[in-house]
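Working notes, structure below.
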Protein chains: 2
Amino acid sequence: MENINKQEATCEQELIAIRDSLEILGGKWKLRIMRHLNNHIAEINTFKKIQREVEGISAKMLSKELQDLEANLLLTRTVMNTRPVTVSYAITEYGMSVFPVTETLVQWGLNHRQKIK
Amino acid sequence: MENINKQEATCEQELIAIRDSLEILGGKWKLRIMRHLNNHIAEINTFKKIQREVEGISAKMLSKELQDLEANLLLTRTVMNTRPVTVSYAITEYGMSVFPVTETLVQWGLNHRQKIK
DNA sequence: ATTATCAGTTAACAAAAGGTAACCGGTTAC
DNA sequence: GTAACCGGTTACCTTTTGTTAACTGATAAT
């Protein structure tokens, strides 16, 4: 059973927690990939499909970011026995814990765009 | 009056929103600085005080990040007429809109640390 | 045989981010 | 006058991040 309660921490511990999060989720692409997989959770998300739909990402970056996310148990990689071979990436249950993070960033970004216009 | 309602967006727009947010809040220090100011909102936060309490940040980075955040109206910079001169930084009302972002990152980081241990 | 698709990898490079250390001007305390 | 404090700036360097383009190997369609 996952702990969904708010945890208490000192200010110092909070800043360490932010640092930890950014070590795993930081950078230009990881949160976008996680959000995309969350938004297409019912589909088969192959490498090419993700690359098409997460606009602007190169094969090299996508490959590297997917490896990092898999290493942190946020998604799974499955080689399908199709011809030609396709590889399917799926968000894990633990990966879904990232949703609140992407959601606040989506809302902040939408609100900010509205504000500056 | 601020819009605090959830906004709807397509998946594509959501990924753009995340990109926008990260352009302004991304990197190693900005969210930590914002969280620290939010946690010490009742105090006078001078440059030196922030540098002491946001552990590890150099004067150069702190100066640059504070300028960026001020340019985006997330905080204010006030020169106090003390001897020697001190400069006080304070989070703006708009800056407080970042709180949900830092909060989800704090919770995710705390939870992650608990999980891997 | 040639071309196309998928899922990458590799090499070479460029740009951005961040760290270190020295320095600056103004002021005050000794 | 000398040292210390505040709030930075500057120059130099390293690391990280990201881009582009060419290439691989397996398979399948024409």
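Chain letters run A, B, ... following the sequence lines, proteins first, then strands; residues in each count from 1. Predicted, not measured: the structure shown is a model, and the values here were computed from it.
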ask   = Would A:Ile57 and A:Ile33 count as a side-chain contact (heavy atoms from CB on, under 4.5 Å) if you check the C-alpha gap in whole Å, the side-chain angles of each, and the deciding distance to 0.1 Å?
value = CA-CA 10 Å; A:Ile57 196 166; A:Ile33 292 167; 4.1 Å; yes

query = When you check the gap from the basic side-chain N to the acidic O, do A:Glu103 and A:Arg35 get nearer than 4.0 Å?
reply = yes

request  = Measure the shortest side-chain to side-chain distance between A:Leu25 and A:Leu74 over non-hydrogen atoms and say whether it is less than 4.5 angstrom.
outcome  = yes

ask   = Could you give the start and end, 5' to 3', of the contact zone on DNA chain C for chain B, using atoms under 4.0 Å from its heavy atoms?
value = C:dG18 to C:dT28

query = Tell me: CD of A:Gln51 to C1' of D:dA21, nearest whole Å?
reply = 13 Å

key: First encountered from the 5' end of DNA chain C, between A:Val85 and A:Gln67   = A:Val85

query = Within the structure shown, what part of the strands sits under 4.0 Å from B:Ser58 by heavy-atom distance: base, sugar-phosphate, or nothing?
reply = base

key: A:Asn81 CG to D:dT27 C1', straight-line distance once rounded to whole Å   = 13 Å

ask   = Atom CD1 of A:Ile57 and atom C1' of D:dG18: how far apart are they, to the nearest Å?
value = 10 Å

inquiry  = Please classify the nucleic acid contact of A:Thr82 as base, sugar-phosphate, or nothing, using heavy-atom distances under 4.0 Å.
reply    = nothing

task = Round to a whole Å and report the spacing from CZ of A:Arg32 to P of D:dG18.
result = 10 Å

ask   = Given the rule in the side-chain contact (heavy atoms from CB on, under 4.5 Å) test, do B:Arg77 and B:Phe47 qualify, once you have shown the distances and angles that lead to the verdict?
value = CA-CA 10 Å; B:Arg77 177 182 186 276; B:Phe47 188 90; over 6 Å; no

Shortest non-hydrogen contact between A:Lys30 and A:Ile24, atoms and distance = CD-O, 3.2 Å

ask   = Quick one: the side chain of A:Lys28 and the base of D:dT17, do they pair up donor-acceptor inside 3.5 Å?
value = no

Contact summary for A:Lys49 and A:Ile44, nearest pair of heavy atoms = CD-O, 3.4 Å

Interatomic distance where NZ belongs to A:Lys60 and C1' belongs to D:dA22 [whole Å] = 14 Å

